[in-house]
Student: 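Just passing along the structure, written as structure tokens.
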Amino acid sequence: MKLYNTLSRRVEEFAPAGDVVKMYVCGPNLYAPCHVGHAMSYIIFDVLRRHLEYRGFKVKHVQNFTDIEDNIILRAQAQGVSVQELADRHVRQFYRDMDSINVQHAHAYPRASEEIPAIIEIVQGLLASDHAYQADGDIYFRVRSKPDYGKLSGRDLDSLIAGARVEPGEGKEYPADFALWKAAKPGEPSWDSPWGPGRPGWHIECSAMSLKHLGETLDIHGGGQDLIFPHHENEIAQSEAHTGVRPFVRFWVHNGLMRLPESEEKMTRHLGNLIPIDEVLQRWGSDALRIFVLGSHYRSPLTHSEEALQAASRAAERLRLAAALEGGGNEPAVDPEPFRWRFVEAMDDDLNSAGALAALFDLAREINRGRDQGRRTDDAQAALRELSGLLGLTLEEPAGPDRAGAGPFVDLLVELRDRLRAEKLYELADDIRARLADLGIALEDAEGGTRWRRRD
RNA sequence: GGCGACGUAGCCAAGUGGUUAAGGCAGGGGUCUGCAAAACCCCGAUCGUGGGUUCGAUUCCCACCGUCGCCUCCA
């Protein structure tokens, strides 16, 4: 398949270097719960993984948790709990969120706090090779020791410094140097090291964890576009300086960011302009969220909106009904293969999920048409379910937990209404239908009997 | 200020140097239905503005306008 590589700024033909695709995706900082922006990113990499597997590649997927860092330490102190406790709480929430949006679990979820020895080893190596230096117990990476520093984000050191946003920093030799290890301050969690008690800087954890779990060269390293600089730039510098192996990553893949219509700024936790994952799920369901996300290209920014989710929700219903409704007959079967071909071709083209979805909707129409014509549709419906699954769609009705338990009562009303209709008491029957519609229950009088389903 | 991305029908959004510019949602008409719904059929785009390259550009180049991202924690 073809995949855009941030490093080359081009779409390239993708294949793993070995027999397994080594894929590392930057995970969340555990200082707060994830929001739909995270969901967007993890859905996209989930779909990338599913497609690679469909294409016959074996994928090893690793995602980290950041559980040492300024924000999480501050939050824990503010809430009067340990960093560990706060992190654990958000890890549990993370797994619930991933399950609810049908994201396949990674094969490993390393945590920074559990990889300290590996981190220390790398820092030692960088010190020994003069790529790093010590200043008051802090260790900094010497950015000027890497002539190609800036190659991922497309910037040179002069313009970085001229940008004036770089903090000169206490003991730094050079303003753009970044911390590998920070000396402990009072009250902070710390670990023993050859340089005294301290904790790792932010970027080094990913270098250590990817090296340990996947090796010196990754096939794919993913994350949001906001991580390109400085995080991923610094990872490259550290990792390549440490191992001497180039490239650290063969394909850098970055997703566009989600934003809110009011602010038109990206959604991010420190701005507080965010929407929790479960809020979207409870209202619209997982399939609607995925159709919303996958309906545009993964590298484009996406604006969160009620209208877009509403539209995606209706679209999900369309696919669900096409896959589920029975009928048809023994006329020649509907052939799903042309649609499968279109689907795969779109996905192969830099993960064009919008094009793949379009193929799915066309297949749905073909199924519906075939059913009207008395043709066999079971194979086509099976294909629709299978291909939907490659996008992580369940084609199941959203749970709607607030109405749980209402089912039997709706059944009762529907049954009573059917008797009214049999008596031709249409006014009453229509009134029941209208009142149920107000409550979010849609009725359909089909030949085999009345169907009902939830609808906003 | 530096680097980068985007601007396609009412809304969301693919895509292509040249036959009819995907798909979803919303809307209008029709078929079906007791009436609806679902489904099916039909209907909508001078592709931000102005130049340029070309036999021909929405697609390539330049300028401008607008929006956004990174340059600081960030998916």
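By convention in this document, chain letters (A, B, ...) are assigned in the order of the sequence lines, proteins followed by strands, and residues within each chain are numbered from 1.
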Student: Give me the distance, rounded to whole Å, that separates B:G15 from B:C3 when you measure between the C1' atoms they each carry.
Tutor: 28 Å
Student: Using a 4.0 Å heavy-atom cut-off across all strands, classify A:Asp226 as base, sugar-phosphate, or nothing.
Tutor: base
Student: How far, in whole Å, is B:G52 from B:A13 if one measures between their P atoms?
Tutor: 32 Å
Student: Can you tell me if the side-chain N/O atoms of A:Asn29 get under 4.0 Å from OP1 or OP2 in B:A75?
Tutor: no
Student: Less than 4.0 Å between a side-chain N and a carboxylate O, is that true for A:Asp88 and A:Arg92?
Tutor: no
Student: Would you say A:Lys266 places a side-chain N or O within less than 4.0 Å of OP1 or OP2 belonging to B:C70?
Tutor: yes
Student: Regarding A:Tyr426, tell me which of base, sugar-phosphate or nothing describes its non-hydrogen contacts under 4.0 Å with the strands shown.
Tutor: base
Student: Below 4.0 angstrom, N of the basic side chain to O of the carboxylate: do A:Asp219 and A:Lys22 qualify?
Tutor: no
Student: Select base, sugar-phosphate, or nothing to describe what A:Asp430 touches, counting heavy atoms under 4.0 Å on all strands.
Tutor: base
Student: By the 4.0 Å heavy-atom rule, please label A:Thr268 as base, sugar-phosphate, or nothing.
Tutor: base
Student: Once you round to the nearest 0.5 Å, how far does CD of A:Gln381 lie from OG of A:Ser388?
Tutor: 11.5 Å
Student: B:C40, OP1 or OP2 - any side-chain N/O from A:Asn368 closer than 4.0 Å?
Tutor: yes
Student: Is the shortest distance from a Lys or Arg side-chain nitrogen in A:Asp70 or A:Lys185 to a carboxylate oxygen in the other one below 4.0 Å?
Tutor: no
Student: I'd like to know if A:Arg433 and A:Asp430 make a salt bridge, using a cut-off of under 4.0 Å between side-chain N and carboxylate O.
Tutor: yes
Student: Looking at every strand, decide which applies to A:Gly222 at a 4.0 Å heavy-atom threshold: base, sugar-phosphate, or nothing.
Tutor: nothing
Student: Salt bridge or not between A:Glu366 and A:Arg369? Use side-chain N to carboxylate O under 4.0 Å.
Tutor: yes
Student: If only side-chain N and O atoms of A:His270 are considered, is one of them under 4.0 Å from the OP1 or OP2 phosphate oxygen of B:C73?
Tutor: no
Student: Sticking with atom C1', work out how far B:G51 lies from B:C65, rounded to a whole angstrom.
Tutor: 14 Å
Student: Summarise how protein sits on nucleotides 23-30 of chain B as a single string, 5' to 3': B when a protein heavy atom is under 4.0 Å from the base, S for sugar-phosphate-only contact, - for no contact.
Tutor: SSSS----
Student: Just name whichever nucleotide pairs with B:G34, Watson-Crick or G-U, keeping both distances under 3.5 Å, else none.
Tutor: none
Student: Need one value for A:Phe292: base, sugar-phosphate or nothing, where a base atom within 4.0 Å counts as base even if backbone is also close, heavy atoms only.
Tutor: nothing
Student: Please tabulate the protein-to-nucleotide N/O contacts below 3.5 Å involving nucleotides 2-9 of chain B, giving atom names and distances.
Tutor:
from: B:C3; atom 1: O2'; to: A:Gly154; atom 2: O; distance (Å): 3.4

Student: With a 3.5 Å cut-off and heavy atoms only, can you find an N or O donor on one side and an acceptor on the other between the side chain of A:Arg369 and the base of B:C41?
Tutor: no
Student: Base, sugar-phosphate, or nothing for A:Arg371, non-hydrogen atoms under 4.0 angstrom?
Tutor: nothing
Student: Under 4.0 Å, heavy atoms only, any strand: does A:Arg320 hit a base, just the sugar-phosphate, or nothing?
Tutor: nothing
Student: Would you classify A:Asp372 as touching base, sugar-phosphate or nothing, given that sugar-phosphate means primed atoms plus P, OP1 and OP2, and contacts are heavy atoms under 4.0 Å?
Tutor: sugar-phosphate
Student: What is the base-pairing partner of B:U46, counting Watson-Crick and G-U wobble geometry with both distances under 3.5 Å?
Tutor: none
Student: Is the closest side-chain donor-acceptor distance between A:Ser190 and A:Arg199 under 3.5 Å?
Tutor: no
Student: Partner lookup for B:G4, please. Criteria are Watson-Crick or G-U wobble with both distances under 3.5 angstrom; report none if nothing qualifies.
Tutor: B:C68
Student: Should the pair A:Glu397-A:Arg320 be classified as a salt bridge under the 4.0 Å nitrogen-to-oxygen rule?
Tutor: no
Student: When the ring centroid of A:His105 is compared with that of A:Tyr95, is the distance short of 6.0 Å?
Tutor: yes
Student: Using a 4.0 Å heavy-atom cut-off, does A:Leu227 contact any base of the nucleic acid, only the sugar-phosphate backbone, or nothing at all?
Tutor: sugar-phosphate
Student: Tell whether A:Arg259 reaches the base of B:G69 with its side chain through a donor-acceptor pair below 3.5 angstrom.
Tutor: no
Student: Distance between the P atoms of B:G44 and B:G4, in whole angstroms?
Tutor: 41 Å
Student: Considering every strand and a 4.0 Å limit on heavy-atom distances, what is the contact class for A:His35: base, sugar-phosphate, or nothing?
Tutor: base
Student: Charged N to carboxylate O below 4.0 Å: is that the case for A:Arg55 and A:Asp348?
Tutor: yes
Student: Please give the nucleotide sitting opposite B:G10 as a Watson-Crick or G-U wobble pair, both distances under 3.5 Å, or none.
Tutor: B:C25
Student: Does A:Asp148 CG have over 12 foreign heavy atoms under 6.0 Å away?
Tutor: yes
